[in-house]
Amino acid sequence: MGFLTGKTAIITGAGRAVLSNGACGSIGYGIATAYAKEGANLVITGRNVAKLESAKEELERLYGIQVLTVAADVNAGADNEAVVNNVINQTIEKFGRIDVLINNAQASASGVTLADHTTEQFDLALYSGLYAAFYYMKACYPYLKETKGTVINFASGAGLFGNYGQCAYAAAKEGIRGLTRVAATEWAKDGITANVICPLAWTAQLEQFKNAYPEAFEKNVHTPPAGHFADAETEIGRVCVQLASSDFKYLTGETLTLEGGLGLRP
């Protein structure tokens, strides 16, 4: 029996992605794998149905847990409350509870300077990241209150350090960081913990960023002090398991910001 057996976790942006060498290339899927190994039933969302179904097949086959896939795209032109409520309603119908919400999904036009950014590109980052976290947190709140659950949000060093070519991405991630702190303050009385992780993992998205914008990559992406980029499952995924464990929730009543992928520090 794992640490999370009997619990239900919603993970946004958890479609299966791979690197050019075939290794795991998605933080969301790495987290889903770590949670599946600990016995959690999963609700995974994203825009790419094929990637979601690929993740579902592998996770259920390898770890014997149940996975619900729901296509969901929070964007400037959608009825986003309806989009998110559909995910929550299907989750409750299938599993009857929500113990963990992980807001991982994020799209952006990285590599485009502030002066060249369009409104559409700015909206892409804010809606897929900040607004999505806002809608999911609101919709999940009553269920997390019942289970004394956990919210884990993903921010980024891009906002902390003002990365070149990432104005909308940085703005979205800094908004998420602030939103998480407010949730931790307001929801502590309900037994809900809220934490934010600023990861630096080698993913398919980062690999594509390097290939498409080598100048921006060189300016912004540096090897962590540990000497390598974090592994999406064994390092970032395991941190997410720990943040949702009962032992961690018993020991802490404050928001913990984990920054830098490896070499995570409060």
Side-chain angles (χ1 to χ4, degrees), residues 1-14 27-28 30-45 84 87-88 91-92 95-106 129-130 132-156 159-160 172-199 230 232-233 235-261 263-266:
M1 181 177 291
F3 287 119
L4 303 175
T5 298
K7 294 190 175 183
T8 299
I10 297 175
I11 308 172
T12 70
I27 289 177
I31 297 168
T33 301
Y35 269 56
K37 287 182 175 181
E38 294 298 340
N41 292 315
L42 303 175
V43 180
I44 57 174
T45 77
V84 171
V87 176
I88 306 312
T91 299
I92 296 303
F95 296 118
R97 61 187 293 146
I98 299 171
D99 299 273
V100 186
L101 168 65
I102 301 178
N103 285 304
N104 164 73
Q106 178 72 65
L130 178 57
F134 169 70
Y135 287 123
Y136 274 102
M137 289 168 73
K138 282 192 64 177
C140 287
Y141 169 69
Y143 303 104
L144 292 171
K145 185 177 179 180
E146 287 181 1
T147 60
K148 299 190 182 303
T150 301
V151 177
I152 302 171
N153 290 336
F154 277 77
S156 171
L160 293 168
K173 290 304 189 182
E174 283 298 272
I176 290 170
R177 205 154 64 95
L179 183 66
T180 309
R181 289 183 179 277
V182 172
T185 300
E186 294 182 351
W187 294 354
K189 68 182 187 304
D190 300 315
I192 301 171
T193 57
N195 292 280
V196 62
I197 298 175
C198 301
E233 178 205 334
E235 289 160 328
I236 295 174
R238 293 306 304 174
V239 167
C240 290
V241 168
Q242 183 66 24
L243 290 175
S245 72
S246 57
D247 288 344
F248 180 86
K249 289 173 69 65
Y250 178 78
L251 290 171
T252 180
E254 299 181 356
T255 305
L256 186 66
T257 301
L258 302 176
E259 301 169 358
L264 299 173
R265 61 185 188 277

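FYI, side chains are in, hydrogens and waters are out, and symmetry mates aren't considered; it's all heavy atoms of this structure. Everything numeric here is computed off the predicted structure, so don't read it as measured data.
A donor-acceptor pair under 3.5 Å is absent between the side-chain atoms of Glu38 and the main chain of Leu4, judged by distance alone. A donor-acceptor distance shorter than 3.5 angstrom exists from the side chain of Lys189 to the backbone of Glu186, with no hydrogens or angles considered. Checking side-chain atoms of Thr180 against main-chain N and O of Ala194 turns up no donor-acceptor pair under 3.5 Å. Not a single donor-acceptor pair under 3.5 Å links the side chain of Asp99 to the backbone N or O of Ala9. Side chain of Thr12 to backbone of Asn104: a donor-acceptor contact under 3.5 angstrom is found.
Between Ile176 and Gln106 the shortest side-chain heavy-atom distance falls below 4.5 Å. In this structure, Leu160 and Arg177 have side chains that are in contact, with non-hydrogen atoms separated by less than 4.5 Å. Contact check for Ile92 versus Ile98: side-chain heavy atoms found under the 4.5 Å cut-off. Within the 4.5 Å cutoff, no side-chain heavy atoms of Val151 are placed close to those of Tyr136. Side chains of Tyr143 and Leu101 form no contact here, defined as non-hydrogen atoms less than 4.5 Å apart.
Expressed to the nearest 0.5 Å, how far CD of Glu146 lies from CD1 of Ile192 amounts to 10.0 Å. Rounding to the nearest 0.5 Å gives a distance of 12.0 Å between CG of Asn103 and CD1 of Ile197. Between atom CG of residue Leu42 and atom OG1 of residue Thr91 there is a gap of 10.5 Å, rounded to the nearest 0.5 Å. To the nearest 0.5 Å, atoms CD1 (Ile152) and CG (Leu243) are separated by 4.5 Å. In this structure, Ile10 CD1 and Thr45 OG1 are separated by 8.5 Å, a value rounded to the nearest 0.5 Å.
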Exercise for review: Show your reasoning for whether side chain to side chain contact (heavy atoms under 4.5 Å, CB included) applies to Ile31 and Phe154.
Suggested key: CA-CA 12 Å; Ile31 297 168; Phe154 277 77; 3.5 Å; yes
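Minimum heavy-atom separation, Ile102 to Cys240: CD1-CB, 4.5 Å.
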